[in-house]
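What follows is a set of notes on a single structure, which appears directly below.
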Amino acid sequence: MIQIIASDMDGTLLNGEMTISKFNADAIKEAQKKGVHFIVSSGRCWYEVKPLLEKFGIKCPMISINGGLVLDENGKTVVSTPVPPSIARQIMARLKRAGLYFEVVTKNGVCSDDKSKRIENFAELLASIQPDTPFKLAVSLASARMELVNIQYVKDYNDILEDPHNPIYKIVAFSQDGPKVLDPLRAEFDANPELVVTSSGERNIEINHVNAQKGIALQRYADSLNIPMDNVMAIGDNNNDVSMLKVAGVSYAMANGTDEVKAIANHLAESNVDDGVGKAILTELNRK
């Protein structure tokens with residue numbers, strides 16, 4: 001019997017327009033009506049997730065920034081696991097030496113030191129989700145979307161490092177060359193026992209504190225409710241979902257997910273553009 005449902009956002013709960021479909025929203029609310037706990041588990045910041053849920057009146061806890069910051073359904077911080085400033089400084093220095101664009105995710109939001117690069121990377125994401133979208137159109141859409149997203153542009157990331165009231169939860173590095181450039185860096189950072197490196201796509205790596213993982217956060221949430229992991233369902237599509245798919249008794253990989261995720265999950269959902277999350281939820285709710 002499913003008592004908790006945890007869903008990733010990008011490439012999972014969100015469709016090609018990067019919104020939650022009515023079908024998915026209705027399925028979530030149906031689960032909640034039946035007493036099932038729903039929790040979002042995303043690499044995004046909480047304030048990016050909240051409006052998408054509020055549009056359909058969905059209120060739930062959030063595992064955000066890959067587990068770096070966990071909030072209850074009222075927005076109160078439950079768990080905070082930032083990257084130590086000294087280590088964050090080393091990561092940034094290494095990425096700069098590699099000539100890569102990267103963003104810093106803090107308690108106050110996403111920070112970028114290059115607006116044009118930020119738009120370019122968002123356009124690449126849109127184009128990958130909707131392959132038929134011309135890149136120039138994707139750039140236009142990304143520029144418009146950037147006006148709606150709370151991005152903080154800074155001249156120097158060192159200013160963030162020196163602010164003790166604004167901890168860094170995640171550093172995301174990008175490369176259009178993908179694994180060829182990113183895999184060696186992933187190996188370097190993975191060698192540090194205080195870090196965990198995941199990704200939400202082949203063109204980025206996401207660097208968090210080792211205890212800031214979706215699986216760890218989901219396990220803690222289930223434990224707080226005295227719910228066994230056999231009664232937990234998790235749905236995801238990419239590398240940063242692996243830890244929660246491993247701990248959940250019922251795990252779904254999206255049809256559009258990576259081969260690694262599909263190999264780990266014990267069920268396959270339809271794609272994110274075909275309401276895969278909603279259909280998987282209804283399947284489990286109707287399971288005898």
Side-chain angles (χ1 to χ4, degrees), residues 8 10-11 41-45 63-70 79-107 109-114 117-118 120-121 124-125 128 154 156-163 166-219 236-247 257-261 263-264:
D8 171 51
D10 292 280
S41 184
S42 177
R44 293 186 182 221
C45 290
I63 297 170
S64 67
I65 323 177
N66 288 340
L69 190 62
V70 182
V79 178
S80 175
T81 313
V83 178
S86 60
I87 296 178
R89 191 181 298 276
Q90 294 172 17
I91 294 169
M92 292 182 196
R94 179 66 185 93
L95 293 174
K96 286 181 178 179
R97 289 200 302 273
L100 295 186
Y101 168 71
F102 61 93
E103 296 171 0
V104 174
V105 184
T106 75
K107 179 181 178 181
V110 179
C111 299
S112 170
D113 63 352
D114 190 325
K117 284 289 186 181
R118 168 71 181 176
E120 180 182 331
N121 277 285
E124 289 285 350
L125 173 61
S128 66
V154 298
D156 193 335
Y157 285 135
N158 283 321
D159 293 339
I160 300 172
L161 286 166
E162 294 168 4
D163 183 355
N166 192 23
I168 293 171
Y169 289 101
K170 182 173 72 171
I171 298 172
V172 188
F174 303 87
S175 174
Q176 301 309 318
D177 293 321
K180 178 182 177 182
V181 170
L182 296 175
D183 280 355
L185 288 167
R186 178 196 292 269
E188 282 186 43
F189 296 132
D190 261 335
N192 187 325
E194 291 193 63
L195 299 176
V196 62
V197 185
T198 59
S199 66
S200 56
E202 66 175 12
R203 294 173 179 173
N204 71 49
I205 53 173
E206 303 184 352
I207 308 160
N208 287 79
H209 186 277
V210 69
N211 292 327
Q213 298 187 51
K214 291 184 178 184
I216 293 174
L218 182 56
Q219 177 80 62
D237 74 307
N238 224 308
N239 180 261
N240 62 349
D241 299 314
V242 167
S243 63
M244 73 171 181
L245 294 177
K246 283 183 175 179
V247 300
T258 65
D259 290 340
E260 179 183 9
V261 168
I264 290 169

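Note that the numbering runs from 1 along the sequence shown for the chain.
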Atom of [X], atom of [Y] and distance for their closest heavy-atom approach:
X: His209; Y: Thr81; answer: ND1-CG2, 3.5 Å
X: Ser175; Y: Leu100; answer: CB-CD2, 4.0 Å
X: Gly67; Y: Ala217; answer: CA-CB, 4.4 Å
X: Tyr157; Y: Met92; answer: CB-SD, 3.7 Å
X: Leu218; Y: Ile63; answer: N-CD1, 3.8 Å
X: Ala173; Y: Leu182; answer: O-CD2, 4.4 Å

Fill in: Nearest-0.5 Å distance that lies between atom NZ in Lys170 and atom CD1 in Ile205
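If I round to the nearest 0.5 Å, the distance is 12.0 Å.
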Worksheet item: Quick one: CG on Asn208 to CD1 on Ile216, what's the gap to the nearest 0.5 Å?
Response: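 If I round to the nearest 0.5 Å, the distance is 10.5 Å.
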Do the non-hydrogen side-chain atoms of [X] and [Y] ever get within less than 4.5 Å of each other?
X: Val261; Y: Val242; answer: yes
X: Ile207; Y: Thr198; answer: no
X: Asp237; Y: Thr258; answer: no
X: Ser80; Y: Tyr169; answer: yes
X: Leu95; Y: Ile171; answer: yes
X: Val197; Y: Glu206; answer: no

Worksheet item: Does a sphere of radius 6.0 Å around CG in Asp156 hold more than 12 heavy atoms from other residues, nucleotides or ligands, not counting ones at 6.0 Å or beyond?
Response: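 Count over threshold, so yes.
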Is there a donor-acceptor pair closer than 3.5 Å between any side-chain N or O of [X] and the backbone N or O of [Y]?
X: Asp241; Y: Gly236; value: no
X: Ser64; Y: Cys45; value: no
X: Ser41; Y: Lys214; value: no

Item to complete: Among residues two or more places apart or on two chains, list those pairs meeting side-chain hydrogen bond (donor to acceptor under 3.5 Å, both in side chains) that have a residue in residues 182-197.
Response: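 Of all non-adjacent pairs touching residues 182-197, those that pass side-chain hydrogen bond (donor to acceptor under 3.5 Å, both in side chains) are Arg94-Glu188.
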Worksheet item: In terms of side-chain heavy atoms, does Asn238 have a donor or acceptor partner in Asn240 at a distance below 3.5 Å?
Response: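 No donor-acceptor contact under 3.5 Å links the two side chains.
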Fill in: Distance-only donor-acceptor check, side chains Gln213 and Asn66, under 3.5 Å
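Short answer, no.
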Item to complete: Quick one: list whatever passes side chain to side chain contact (heavy atoms under 4.5 Å, CB included) with Thr106, sequence neighbours left out.
Response: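 Expected list: Val104, Asn108, Cys111, Ile160, Asn166, Ile168.
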Worksheet item: What pairs meet the ring-ring contact (aromatic ring centres under 6.0 Å, His included) rule with one or both residues in residues 170-204, with sequence neighbours excluded?
Response: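 Every ring-ring contact (aromatic ring centres under 6.0 Å, His included) pair that includes a residue of residues 170-204, provided the two are not neighbours, is Tyr101-Phe174.
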Practice prompt. For side-chain contact (heavy atoms from CB on, under 4.5 Å), just list the numbers for Arg44 and Ile65, CA-CA rounded to whole Å, side-chain angles, deciding distance to a tenth of an Å, and then say yes or no.
Written response: CA-CA 5 Å; Arg44 293 186 182 221; Ile65 323 177; over 6 Å; no
Discussion item. One thing to verify: whether Asp177 and Arg203 come together as a salt bridge, which I'm taking to mean a side-chain N less than 4.0 angstrom from a carboxylate O.
Written reply: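 No, Arg203 and Asp177 are not salt-bridged.
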